[in-house]
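Numbering starts at 1 and runs along the sequence shown. None of the values given here were measured: they were computed from a predicted structure. Just so you know, ligand 1 is whichever comes first in the structure, and atom 1 is the first atom listed for that ligand.
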Amino acid sequence: MRSTISRRNLLRKGGEAMIASSAVACGSSFLNAGNATPRATKGVDYYQKLGVTPFINAAGTYTVLTASILPDEVQAAMALAAQQPVNLNELLDASGEYLAKRLRCEAALVTAGAAAALTVGTAACVTAGNKGAIVGIPVDMTGLKNEVIVQKTHRYEYDHALRNCGIRFVEVETMDDYERAFTDRTVVAHFFNAAEGGQISREDWVSVAHKHGVPCFNDAAADVPPISNLWNYTQMGFDLVTFSGGKGIRGPQCTGLLLGRKDLIQAAKLNNSPNSNTVGRGMKVGKEEIVGLVAAVDWFLSQDDAALEAEFRQRAERIIQQLQDIPTVETKIFIPPVANHVPHLLITYDPDRIKITGREVMQRLREGKPRIELNPATGGGSASAGLASGQNTIVVGVWMMQPGEELVVAQRLREVLQGALTG
Ligand SMILES: *Cc1c(COP(=O)(O)O)cnc(C)c1O
């Protein structure tokens with residue numbers, strides 16, 4: 001029996017009344033629009049055909065877990081866009097203009113994800129005003145500025161996206177370091193928006209860079225909600241800002257936004273698909289995905305931060321209700337400070353009474369029917385939950401679930417924790 005089918009059966013049997021009541025109770029268009037229970041459509045189910053088993057996403061917008069599900073409006077817009085050819089440059093220009101207006105910045109470009117935006121945005125800074133350099137980077141850097149200033153605590157797993165442009169990082173810690181780091185080879189000052197522990201604030205990062213006539217870039221890939229972050233950082237003065245299209249915005253996973261100064265966005269376009277012999281040529285975004293991201297931005301801007309937060313809290317609380325009478329289990333709703341800034345559920349328990357680790361719980365849910373993926377911070381496996389560090393921790397990301405799924409997750413957690421209870 002395929003797990004998609006058993007999941008549907010499960011939802012039908014156990015969850016449907018709850019789904020209906022939770023959708024009515026919340027009345028949020030987040031539920032009505034984007035988070036519908038999977039429906040029968042005309043197409044072939046290739047997940048089934050290929051034997052790839054979908055799961056309930058109790059993790060969040062993790063890339064390897066395919067991040068998010070497209071709201072219905074986005075799916076419909078993409079299906080329409082797939083039916084007719086257009087000129088890719090015209091579509092990139094028009095979508096950029098539309099997005100810049102909606103997101104209150106000078107200019108915008110749909111890229112192949114935030115990582116691609118980091119690459120073509122950096123390429124823009126390196127090659128600005130020097131079209132001949134576009135072909136040469138990252139190997140031929142003759143006469144090009146190649147130093148990217150970054151706080152030591154902002155070095156991260158996306159460094160490579162910038163290094164693709166032949167740059168090298170110059171690390172700073174204090175404001176004094178920062179002031180002294182600027183040379184005639186400085187090309188951009190890079191900021192990782194969700195970094196923890198840097199000494200230099202966003203505002204100071206911008207003002208010192210601008211004092212030296214150097215553009216600054218903010219990677220805010222996973223940093224919506226709040227919705228207003230989509231303009232907060234460009235309005236703060238960052239010359240380039242990127243967001244993932246497929247995370248909180250819930251557009252196609254292979255899209256991203258590059259927002260910012262008109263001249264730099266123009267330079268980024270020259271380094272990007274469909275132009276051949278550029279660093280961005282392999283980072284092509286198709287017409288369906290470009291339209292999909294525009295539709296997702298429209299959808300996301302129609303949402304309301306407070307209503308989203310309330311809905312996510314309710315989901316977490318429904319899970320808490322199912323677990324609270326299990327001996328030694330403690331629960332807490334927490335909101336990570338910058339990235340994934342929505343309510344998550346932290347569950348802890350006495351490992352002497354409940355003899356199973358968080359990692360083992362995670363594996364049991366992954367192997368169960370329906371398949372469930374818990375947040376990777378479970379079992380202390382990642383620092384992303386901030387406060388979850390022990391082996392006896394379970395972290396549930398509720399924001400990418402579909403309505404009613406929280407009850408299925410709650411039942412499974414209850415079964416597994418009860419089953420491991422001793423004494
Ligand atoms: C997810 C993420 C990226 C990459 O985003 P994609 O849209 O998957 O390319 C870059 N930077 C940060 C901080 C991220 O969280």
Side-chain angles (χ1 to χ4, degrees), residues 57 59-70 74 95 99 103 108-123 148 150-165 167 169 188-198 202 205 216-226 229-230 232-233 238 240-260 268 271-273 279-280 282-286 289-290 292-294 296-297 300 336-342 344 375-377 382-386 397 399-400:
N57 184 352
T61 58
Y62 294 90
T63 299
V64 71
L65 302 178
T66 64
S68 65
I69 293 293
L70 303 170
V74 177
S95 58
L99 289 167
L103 302 179
L109 177 64
V110 176
T111 63
L118 294 173
T119 301
V120 297
T122 303
V148 175
V150 65
Q151 294 186 70
K152 199 169 179 177
T153 51
H154 290 215
R155 294 297 300 274
Y156 63 164
E157 61 265 45
Y158 295 95
D159 284 355
H160 206 299
L162 290 90
R163 289 200 287 104
N164 283 346
C165 302
I167 61 92
F169 289 103
V188 62
H190 188 62
F191 198 92
F192 169 24
N193 197 54
E196 284 161 22
R202 296 180 186 90
W205 197 253
C216 46
F217 201 151
N218 191 2
D219 176 356
D223 305 346
V224 290
N229 274 357
L230 289 173
N232 285 343
Y233 304 121
F238 281 98
L240 290 170
V241 178
T242 183
F243 293 93
S244 276
K247 292 180 180 169
I249 300 170
R250 292 184 53 196
Q253 195 189 5
C254 62
T255 63
L257 288 168
L258 181 63
L259 309 176
N271 283 279
N272 201 23
S273 158
V279 75
M283 303 171 190
K284 178 169 59 190
V285 191
E289 286 78 23
I290 294 171
L293 181 57
V294 175
V297 166
F300 191 57
V338 182
N340 309 308
H341 184 64
V342 288
H344 286 61
N375 187 282
S382 137
S384 69
W399 66 314
M400 289 297 139

Using the side-chain contact (heavy atoms from CB on, under 4.5 Å) definition, which of the options P226, P225, P336 pairs with H341?
P226
Partner residues of F169 under the ring pair (Phe, Tyr, Trp, His ring centres under 6.0 Å) criterion, sequence neighbours left out:
none
Could you pull out every N or O of ligand 1 that sits under 3.5 Å from a protein N or O, with the distance for each pair?
{"residue": "ligand 1", "atom": "5 (O)", "partner": "S244", "partner atom": "OG", "Å": "2.9"}
{"residue": "ligand 1", "atom": "7 (O)", "partner": "A114", "partner atom": "N", "Å": "2.8"}
{"residue": "ligand 1", "atom": "7 (O)", "partner": "S244", "partner atom": "OG", "Å": "2.6"}
{"residue": "ligand 1", "atom": "9 (O)", "partner": "A114", "partner atom": "N", "Å": "3.1"}
{"residue": "ligand 1", "atom": "9 (O)", "partner": "A115", "partner atom": "N", "Å": "2.9"}
{"residue": "ligand 1", "atom": "11 (N)", "partner": "D219", "partner atom": "OD1", "Å": "3.3"}
{"residue": "ligand 1", "atom": "11 (N)", "partner": "D219", "partner atom": "OD2", "Å": "2.7"}
{"residue": "ligand 1", "atom": "15 (O)", "partner": "K247", "partner atom": "NZ", "Å": "2.8"}

Sequence neighbours left out, what passes salt bridge (charged side-chain N to carboxylate O under 4.0 Å, His left out) with R163? Give chain and number order.
none
Taking N218 for the side chain and F238 for the main chain, is one N or O donor matched with an acceptor at less than 3.5 Å?
no
Give the intermediate values and the outcome of side chain to side chain donor-acceptor pair (under 3.5 Å) for residues N375 and Y62.
CA-CA 9 Å; N375 187 282; Y62 294 90; 3.0 Å; yes
Looking at residues at least two apart in the chain, or sitting in another chain, which of them share a side-chain contact (heavy atoms from CB on, under 4.5 Å) with A108?
L99, A100, L259
